**Q** 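Structure incoming, see below.
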Number of protein chains: 2
Amino acid sequence: MSLPIGEVSRRSGLSPDTLRFYEREGLLPVPGRTSGGARRYDPAVLDQLQVISTLRGLGFGLDQVRDLLAAKSSTHSVRARIDAAGASIDRLEALLDEKEKALQEARDLLGQWRDELDSWEPWPDTPLPQ
Amino acid sequence: MSLPIGEVSRRSGLSPDTLRFYEREGLLPVPGRTSGGARRYDPAVLDQLQVISTLRGLGFGLDQVRDLLAAKSSTHSVRARIDAAGASIDRLEALLDEKEKALQEARDLLGQWRDELDSWEPWPDTPLPQ
DNA sequence: CCTTGACCTGGAGTGCACTCCAGGGGGTTG
DNA sequence: CAACCCCCTGGAGTGCACTCCAGGTCAAGG
């Protein structure tokens, strides 16, 4: 019921170095250790790593990711924790909306390019403008 | 009808250093120069910078952005250029689809968090699990 | 007991994407 | 003509996010 770092690495696609780095950076909970000192991870860490990878892939920096994860694992009172988490989730939602807008912008652009391309197809081998 | 670097900087939100850097990196067309040697930009560069900023904001690297822009300004034959552009646009579309999926994943996660939070609200001041 | 393989730590190194000079030129303004 | 502002180049420096050692411990297998 607890995974060594190599297993987490294989399942998450992140190197052991990266996992230890994330731990130092406060993006992962401090894992348990074997008597010999090796890390043993709760399988739940895999979900968290999925979150991190997803957000990183969307261009969020580690600071942003850390902030957004913080509320989930805060140890304050329930009320404060819920409030913090709520604020954090709202913030994440706003950030995702921004990304969504950027994505839409990119798609619009893409359609525009395709249109331009289509309008050129009927006259092959003509020099293009500019 | 041609803009000095400072003006492009203001309108694009990118520093002159960054504009010169992008030029060196082949992301921007080589601009004209005044007799004194100062760059003069075609206003069309603003659209291109918008594209670049959008893609950068979505987490694409400069190499990817360069590849995607290349087809638009390639100097090959019309046929080759259209094909290249088409392929490039298809590739961009695939990349955007990936981002879209990541975005959706993040949103799902967010909804999940919110649900968890809601299910805790009725019992304030109870210690949270884990 | 020896080897092998997975793991540990602390610290140095890497690649990317800027960002910041130093030192100098050009053109307008008072 | 001096002061100013914007621009130039080449090169060094920065911050982020890893990534890669060197040198060592531990547990299992032969």
Side-chain angles (χ1 to χ4, degrees), chain A residues 1-43 45-46 48-70 95 102, chain B residues 1-43 45-46 48-70 95 102:
Chain A
M1 282 286 101
S2 82
L3 313 168
I5 199 167
E7 189 59 27
V8 175
S9 171
R10 252 166 269 123
R11 295 205 203 172
S12 67
L14 297 167
S15 76
D17 273 343
T18 298
L19 296 175
R20 287 188 281 254
F21 171 68
Y22 282 174
E23 182 185 331
R24 277 199 300 286
E25 293 295 307
L27 277 89
L28 292 181
V30 176
R33 300 283 181 131
T34 64
S35 57
R39 289 170 180 77
R40 283 304 149 107
Y41 292 92
D42 184 321
V45 83
L46 292 170
Q48 187 153 345
L49 288 169
Q50 181 59 48
V51 177
I52 295 173
S53 297
T54 299
L55 294 180
R56 291 282 306 115
L58 285 169
F60 293 106
L62 292 192
D63 283 359
Q64 284 177 298
V65 175
R66 186 183 11 250
D67 286 356
L68 296 166
L69 290 172
L95 291 172
Chain B
M1 284 285 99
S2 81
L3 312 169
I5 198 167
E7 188 60 26
V8 175
S9 171
R10 264 181 298 280
R11 295 205 204 172
S12 66
L14 298 167
S15 76
D17 273 343
T18 298
L19 296 174
R20 288 187 280 256
F21 171 69
Y22 281 174
E23 183 184 331
R24 278 199 300 286
E25 294 295 306
L27 278 88
L28 292 182
V30 176
R33 299 284 181 130
T34 64
S35 57
R39 289 170 179 76
R40 283 304 151 107
Y41 291 91
D42 185 320
V45 84
L46 292 171
Q48 187 153 346
L49 287 170
Q50 180 59 49
V51 178
I52 295 173
S53 297
T54 300
L55 295 180
R56 290 285 302 115
L58 285 169
F60 293 106
L62 291 192
D63 283 359
Q64 283 177 299
V65 174
R66 189 187 6 254
D67 285 355
L68 296 167
L69 289 172
L95 292 173

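Please read all numbers here as calculations on a predicted model, not as lab measurements. To find a chain, count down the sequence lines: A is the first, B the second, and so on, and within it residues start at 1.
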**Q** Can a side chain N or O of A:Arg20 be found less than 4.0 Å away from OP1 or OP2 on C:dC8?
**A** yes
**Q** Just how far, in rounded Å, is C1' of C:dC18 from CG of B:Leu14?
**A** 11 Å
**Q** Please report, rounded to the nearest Å, how far the C1' atom of D:dC16 is from the CD1 atom of A:Ile52.
**A** 16 Å
**Q** Look only at the side chain of A:Gln48 and the backbone of A:Leu27, and say whether a donor-acceptor pair between them is shorter than 3.5 Å.
**A** yes
**Q** Would you mind reading off the distance between B:Leu19 atom CG and D:dC8 atom P, rounded to a whole angstrom?
**A** 10 Å
**Q** With a 4.0 Å cutoff (strictly under), does any side-chain N or O of A:Arg39 reach OP1 or OP2 of C:dC8?
**A** yes
**Q** Provide, to the nearest angstrom, the distance between the CG atom belonging to B:Leu27 and the C1' atom belonging to C:dC18.
**A** 13 Å
**Q** Quick one: is B:Tyr22 getting a side-chain N or O under 4.0 Å of the C:dA17 phosphate, OP1 or OP2?
**A** no
**Q** Check whether any side-chain nitrogen or oxygen of A:Arg40 sits under 4.0 Å from OP1 or OP2 of C:dC7, and answer yes or no.
**A** no
**Q** Please report the distance, rounded to the nearest Å, between CZ in B:Phe21 and C1' in D:dT14.
**A** 13 Å
**Q** What is the separation between atom CG on B:Leu49 and atom P on C:dA17, rounded to the nearest whole Å?
**A** 16 Å
**Q** Can you tell me how far apart OG (A:Ser15) and CZ (A:Arg20) are? Round to the nearest 0.5 Å.
**A** 8.0 Å
**Q** Nearest to the A:Asp17 side chain among D:dT19, C:dC21, C:dC18, which nucleotide is it?
**A** D:dT19
**Q** Taking all non-hydrogen atoms of both residues, which atom of B:Leu49 and which atom of B:Ser12 are closest, and how far apart?
**A** CD1-CB, 3.8 Å
**Q** Does B:Arg24 have a side-chain nitrogen or oxygen under 4.0 Å from the phosphate oxygens OP1 or OP2 of D:dG10?
**A** no
**Q** Could you pull out the protein-nucleic contacts involving nucleotides 23-29 of chain D (nitrogen or oxygen on both sides, under 3.5 Å)?
**A**
none

**Q** Hey, which of these two, B:Phe60 or A:Arg33, hits DNA chain C nearer its 5' end, going by closest nucleotide?
**A** A:Arg33
**Q** Starting from C1' on D:dG15, measure out to CD on A:Glu25 and report it in whole angstrom.
**A** 12 Å
**Q** Ignoring hydrogens, what is the shortest heavy-atom contact between A:Leu3 and A:Pro43? Give both atom names and the distance.
**A** CD1-CA, 4.0 Å
**Q** Under 4.0 Å between a side-chain N/O of B:Thr18 and OP1 or OP2 of C:dT19, yes or no?
**A** yes
**Q** How many whole angstroms separate atom CD of A:Glu23 from atom C1' of D:dT19?
**A** 17 Å
